[in-house]
Amino acid sequence: MSTGSQLNDKQYEAMKYVQGPLLVLAGAGSGKTSVITQKIAYLVKQCGIPAYRITAMTFTNKAAREMKERVGKLLSREEAKGLSVSTFHTFGLNLLRLELKHLPLKNNFSILDADDCKRILMDLMQRDNLSGAESKELIAKAMKKISDWKNDLIIPEQAHSVCETVEDVQLAHLYQLYERNLRAYNAVDFDDLIVMPTRLLQENAEVREKWQNRVRYLLVDEYQDTNTAQYTLVKLLVGVMGQFTAVGDDDQSIYAWRGAKPENMALLKEDFHNLNVIKLEQNYRSTSRILKAANAVIGNNPHIFDKKLWSDKGHGETIRIITCLNDDDEAERVVKDLITHKLMNGKSWKDYAILYRGNFQARVLETQLRQMQIPYKLSGGQSFFARAEIKDVMSYLRLIINPEDDSAFLRIINTPKRAIGPVTLEKLGLFAQENTLSLLTASSDQRLSMVLPKKAATQLHEFADFIATFTRELLDDDEPVPKVRQMINEAGYIDYVREQAATPAQEKTKLDNIESLYTSIQNLINRADDVDEKNIESVIRKLVLLDLLEQQQEEEDTDKVNLLTLHAAKGLEFPYVYMIGLEEELLPHKNSIAAETIEEERRLMYVGITRARQGLTLTLAEQRKNGGQMRQMTPSRFLDELPQDELEWHGRKKKLAPNVDPKEQAQQHLANLRALLKR
DNA sequence: AGTGTGGTTATTTTT
DNA sequence: TAACCACACT
């Protein structure tokens with residue numbers, strides 16, 4: 001990524017083009033962030049558009065942060081005032097907050113994460129008597145389907161009419177109940193943060209005009225990752241004026257399985273006839289040999305816009321392919337190779353990245369790295385907010401802000417143990433339902449003693465009183481963090497963590513996590529530029545959308561080898577990259593072969609290759625442990641797609657007589673044929 | 001309400 | 001292989 005402020009001709013053209021809709025096809029490493037940030041500065045300084053009328057949208061908090069930082073270097077504080085650079089979701093959240101009166105939400109609404117939504121669905125299914133055994137699978141399906149429907153802007157009533165199977169009908173019904181539930185809790189899920197604003201702008205002309213007027217110029221990053229709802233939102237915001245720049249790369253679309261529609265790039269051409277397309281093909285990252293490999297691989301995919309990366313960095317080192325005996329051997333060779341390379345070339349650990357398809361592949365690497373005492377950083381895996389202790393503390397806070405948040409209530413009512421079991425909760429739920437109360441308000445209701453044993457009723461009253469007390473004290477406190485700490489302590493939660501922890505180390509991590517949550521709340525309060533955003537309510541709500549772990553990790557800018565999945569590697573670059581597990585059924589992944597979505601796997605391969613600046617090493621294993629069983633592997637088809645004369649093979653090239661299951665072999669053969677036919 | 005056992009099952013996961 | 005979950009037992 002070029003940090004210099006000098007733009008090349010194409011980049012300059014993209015910056016200056018403001019008279020209509022623009023699509024920038026930004027190849028990997030072509031300096032797209034520079035174009036976006038420079039363009040924002042250009043719009044303010046040269047075009048005289050005030051910053052508060054410019055909106056830039058990204059997908060990750062990290063991207064938004066980086067963009068803000070870089071714009072900050074180009075514009076003065078005064079010039080940048082009111083500029084909106086945020087993720088789609090944060091933008092949606094802000095819109096919702098400002099347009100509450102047009103929405104079925106009250107001002108203290110909660111944002112539920114995937115975990116909360118799962119609980120709600122589980123609850124609904126039980127009530128619906130949809131059995132318990134296969135429920136887990138069904139819930140996963142339901143979550144996926146509901147999210148798909150939402151992202152396609154299909155409301156529950158419409159969902160019924162698009163059903164193809166009996167199961168779909170069930171799920172549509174579940175979707176309807178789920179939506180009703182969220183509204184009753186005064187809560188939204190992540191998808192709602194996009195979908196609700198979109199629908200509002202669709203249906204309400206007045207609000208739409210207001211926002212179109214406010215967003216005079218829109219910039220969208222990673223456009224290839226937008227889903228239908230997001231694209232619709234973009235269209236509604238830019239209106240007929242079409243004053244926007246979309247930056248994207250269809251070759252780096254690797255989130256289709258999550259609803260992203262790379263076809264949105266082609267749609268743009270149809271929806272805006274005067275769309276200007278500028279290609280950024282000069283790559284500032286990699287050697288030309290690496291780019292040749294990348295171009296060759298991606299050349300096997302169909303393209304709407306043709307694009308070929310080039311660089312003036314010279315040929316560079318040859319690309320190595322190492323065939324290993326098995327996964328242990330692979331990890332060992334990669335790590336040893338890395339150490340040797342580092343010592344011989346005087347590099348740092350952080351110059352190296354090991355990329356893989358699935359998180360499970362990190363395990364062997366970790367063992368190996370630990371054995372060799374090499375510092376490493378594992379990204380991905382469990383997110384900060386998925387951790388139980390964080391979710392628990394957050395639930396206390398959510399309940400304070402929104403007493404209707406039953407999801408939060410259920411999470412903490414018996415954490416720490418308050419002798420409130422499932423029987424009590426069922427009765428409480430029934431009582432709440434009959435009287436249309438939330439679980440928390442129901443808990444403080446005096447009539448409760450008529451339906452519950454005395455002890456249970458007292459426990460619930462006590463809990464409700466506890467929350468009420470702290471609600472009163474917290475909401476008008478200028479320094480809420482000490483109060484929060486006091487509340488969590490008095491709730492007995494800290495003691496609970498101490499007792500619960502299996503090891504002293506685990507106890508420490510958990511307590512540290514809680515501490516860093518406090519710190520983050522404090523930071524958010526300090527950093528809020530708006531008085532309106534300083535209050536604890538809006539801080540807590542924002543917190544759900546942030547991944548603090550990411551921030552934490554970034555702050556400790558230490559020298560460590562990077563271990564990441566190919567997905568997590570997108571947008572990053574490293575001087576030396578190892579891509580491991582280049583085998584059929586792994587990359588491309590088994591399920592993708594079956595689903596015939598090889599193209600997306602190929603893009604994943606492309607993303608991996610283009611992360612490397614100077615050195616690229618690919619490895620594969622002849623055998624791999626698969627659920628305790630050693631399995632014979634076939635080299636990935638993508639290896640055949642590489643320019644063979646740029647490669648250097650190490651280890652045994654040909655595999656020995658494999659004992660492949662004949663059925664599998666037949667399937668393999670079919671898949672290969674299909675791939676050939678597609679070309 | 002909390003512990004233990006056996007059976008099942010393995011992608012990717014920006015918010 | 002190991003992690004996770006449901007269910008049964010104490």
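By convention in this document, chain letters (A, B, ...) are assigned in the order of the sequence lines, proteins followed by strands, and residues within each chain are numbered from 1. Because the structure is predicted, anything quoted here is derived from the model rather than measured.
- Here A:His589 packs flat against the base of B:dT11; its ring centre is closer than 5.5 angstrom to the base's six-membered ring, tilted by less than 30 degrees.
- A:Arg363 comes within contact range of the sugar-phosphate backbone alone, with a heavy-atom separation under 4.0 Å but no base atom that close.
- Remark: C1' of B:dA10 and CD of A:Gln361 are 13 Å apart, rounded to the nearest angstrom.
- If you check the side chains of A:Asp250 and A:Gln224, you find no donor sitting under 3.5 Å from an acceptor.
- Phosphate proximity of B:dT15 to A:Asn61: present, with a side-chain N or O under 4.0 Å from OP1 or OP2.
- Distance, A:Asn151 CG to B:dT15 C1': 11 Å, rounded to whole Å.
- Neither OP1 nor OP2 of B:dT15 sits under 4.0 Å from any side-chain N or O of A:Asn227.
- Within 4.0 Å (heavy atoms only), A:Asp191 reaches no atom of the nucleic acid at all.
- The side chain of A:Phe360 has B:dT11 as its nearest neighbour among B:dT15, B:dT14, B:dT11.
- Between A:Thr565 and B:dT13, a side-chain N or O to OP1/OP2 separation shorter than 4.0 Å is present.
- Around NZ of A:Lys590, the count of heavy atoms belonging to other residues, nucleotides or ligands within 6.0 Å does not exceed 12.
- If you check every strand for non-hydrogen atoms under 4.0 Å, A:Tyr255 touches a base.
- At least one donor-acceptor pair closer than 3.5 Å links the side chain of A:Thr37 to the backbone N or O of A:Ser34.
- Look at CG on A:Asp113: it is 13 Å from P on B:dT15, rounded to the nearest Å.
- C:dA2 and B:dT13 are spaced 22 Å apart, taking the P atom of each and rounding to whole Å.
- Ion pair A:Glu600/A:Arg603 flagged as a salt bridge, since at least one NZ, NE, NH1 or NH2 atom sits closer than 4.0 Å to an Asp/Glu carboxylate oxygen.
- Judged by centroid separation below 5.5 Å and plane tilt below 30°, A:Phe59 does not stack onto the base of B:dT15.
- With C1' as the reference atom, B:dT12 and C:dC5 are 23 Å apart, rounded to whole Å.
- In this structure, the NZ atom of A:Lys590 is 10 Å from the C1' atom of B:dT11, given to the nearest Å.
- Between A:Glu601 and A:Asn414, the one whose closest nucleotide on DNA chain B sits nearer the 5' end is A:Asn414.
- With rounding to whole Å, A:Arg357 atom CZ is found 5 Å from B:dT12 atom C1'.
- Look at CG on A:Leu93: it is 14 Å from P on B:dT15, rounded to the nearest Å.
- Minimum interatomic distance between A:Phe59 and A:Glu222 (heavy atoms only, all atoms of both residues): CE1-O, 3.3 Å.
- As a whole-Å value, the separation of A:Tyr496 OH from B:dA1 C1' is 13 Å.
- Distance, A:Asp327 CG to C:dA2 P: 13 Å, rounded to whole Å.
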